[in-house]
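Scope of the values below: all heavy atoms of this structure, side chains included, with no hydrogens, waters or symmetry mates. Numbering of residues begins at 1 and proceeds along the displayed sequence.
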Amino acid sequence: MTDSLVILLHGVGARGTDLDPLRDALRAHLPNTQFVAPDAPDPFDRGKPLRQWFSTTGVTVVNRPQRVAAARAGFDAIINDIVDVQGLKNRLDRVAFVGFSQGAIMALDAAASGRWRVAATVAFAGRLASPPPLSPAGARILLVHGAADTVIPAAESEEAFSRLHAAGADVSFETLPDVGHFVSPDGIALAGAYLARIFKANTAAMQV
């Protein structure tokens, strides 16, 4: 059985292997952790052999929540398969989500909707696009966003922080100066320390 598991969730028009550098960097903070980075279920709809969690073609503030909700079935099927293979189906306190961009949107939706009560969720350069109601009470969430992000502005994570906090989540928000739409070394260090602390606390709680 895996001691702990981090599921890495890629952005739109990408594949799980694109997160290999993130996996390798996080491993330095989490040496006893298994990392899995699945491909999103849907083909990228802009002519390349890549993947997406949901289509961004014609996406708007109004229709994005419906697209996120429609993507839940595919997301949940992938996550169910992973935790089952890793022997953690009944040990979600040993599982964390780390998402980037569209992967962060899906990770936040999993926590905000209350569907996945995992140990922690880290969202890099994401936004909270979940339809109501929100049920994240008790969820531990770290939002990391570059202040120079022009793809998904950092204001999206600021708004997500406010909404998640109001709904009962244990949420933190870190803004990184001069960082655009990417995962920076400073962001990785924040995420690694955050996850290590939570996994350690959960292990200690089990031993009491």
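- Rounding to the nearest 0.5 Å gives a distance of 10.0 Å between CG of L164 and CD of E159.
- Remark: the backbone N or O of Q52 is not paired with any side-chain donor or acceptor of Q102 at under 3.5 angstrom.
- Atom CD1 of I152 sits about 4.5 Å away from atom CZ of R127, to the nearest 0.5 Å.
- Contact annotation: the side chain of R15 approaches that of L50 to within less than 4.5 Å [non-hydrogen atoms, C-beta and beyond].
- Of the possible polar contacts, none joining the D186 side chain to the P177 backbone as a donor-acceptor pair under 3.5 Å is found.
- Of all heavy-atom pairs spanning A167 and L134, the tightest one is CB-CB, 4.3 Å.
- When atom types are taken as modelled, the side chain of D45 and the backbone of S55 share no donor-acceptor pair closer than 3.5 angstrom.
- Atom NE2 of H181 sits in a crowded spot, with more than 12 heavy atoms from other residues, nucleotides or ligands closer than 6.0 Å.
- Using a 4.5 Å cut-off between side-chain heavy atoms of Ile, Leu, Val, Met, Phe, Trp and Tyr, with links allowed through other members, F124 and L19 fall into the same hydrophobic cluster.
- A side-chain donor-acceptor contact under 3.5 Å links R51 to the backbone of A40.
- Note that OG1 of T121 is 9.5 Å distant from CG of L143, once rounded to the nearest 0.5 Å.
- Taking hydrophobic clusters as Ile, Leu, Val, Met, Phe, Trp and Tyr residues chained together by side-chain heavy-atom distances below 4.5 Å, L22 shares a cluster with L142.
- Side-chain contact between F75 and R115: present, with at least one pair of heavy atoms (C-beta onward) separated by less than 4.5 Å.
- Remark: side-chain polar atoms of T56 are not paired, donor with acceptor, to backbone N or O of V59 under 3.5 angstrom.
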**OP:** Check the pair I78, I7 against side-chain contact (heavy atoms from CB on, under 4.5 Å), reporting the backbone distance first and the verdict last.
**Re:** CA-CA 10 Å; I78 287 173; I7 301 175; over 6 Å; no

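- If you run side-chain contact (heavy atoms from CB on, under 4.5 Å) between V122 and each of F100, Y194, F97, only Y194 comes through.
- Contact check for F54 versus D42: no side-chain heavy atoms found under the 4.5 Å cut-off.
- Nearest heavy atom pair, residue I198 against residue A119, reads CG2-O, 3.7 Å.
- Without hydrogens or angle criteria, D149 side chain to G146 main chain gives no donor-acceptor distance under 3.5 Å.
- Interatomic distance, L9 CG to D39 CG, rounded to the nearest 0.5 Å: 11.5 Å.
- The shortest heavy-atom contact between P131 and P65 is CD-O, 3.6 Å.
- Inter-residue side-chain proximity for S130 and R72 is flagged as met; some heavy-atom pair is nearer than 4.5 Å.
- Test V118, V83, D3, L5 against R94 for side-chain contact (heavy atoms from CB on, under 4.5 Å) and you get one pass: D3.
- Closest heavy-atom contact between S157 and H145: OG-ND1, 2.7 Å.
- Of the possible polar contacts, one joining the N80 side chain to the D76 backbone as a donor-acceptor pair under 3.5 Å is found.
- For the pair H29 and L195, the minimum side-chain heavy-atom distance is 4.5 Å or more.
- Using a 4.5 Å heavy-atom cutoff, the side chains of F199 and V6 are in contact.
- Heavy atoms only, all atoms of each residue included: A169 and I141 are closest at CB-CD1, 4.2 Å.
- S101 OG to M106 CE: the interatomic distance, rounded to the nearest 0.5 Å, is 12.5 Å.
- Remark: side-chain polar atoms of R163 are paired, donor with acceptor, to backbone N or O of L128 under 3.5 angstrom.
- Within 6.0 Å of CG on D178 lie no more than 12 heavy atoms contributed by other residues, nucleotides or ligands.
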Original post:
side-chain contact (heavy atoms from CB on, under 4.5 Å) between W53 and R67: does it pass, once the steps are laid out?
Top reply: CA-CA 9 Å; W53 299 98; R67 295 192 186 193; over 6 Å; no

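- Linking ILVMFWY side-chain heavy atoms closer than 4.5 Å, directly or via other members, places W116 and L108 in two distinct hydrophobic clusters.
- In this structure, A139 and A111 approach most closely via the heavy-atom pair CB-CB, 4.4 Å.
- In the hydrophobic cluster analysis, where Ile, Leu, Val, Met, Phe, Trp and Tyr join through side-chain heavy atoms closer than 4.5 angstrom, V144 is grouped together with L30.
- Put simply, L8 and I82 are part of two different groups of oily side chains (I, L, V, M, F, W, Y) that touch within less than 4.5 Å, one to the next.
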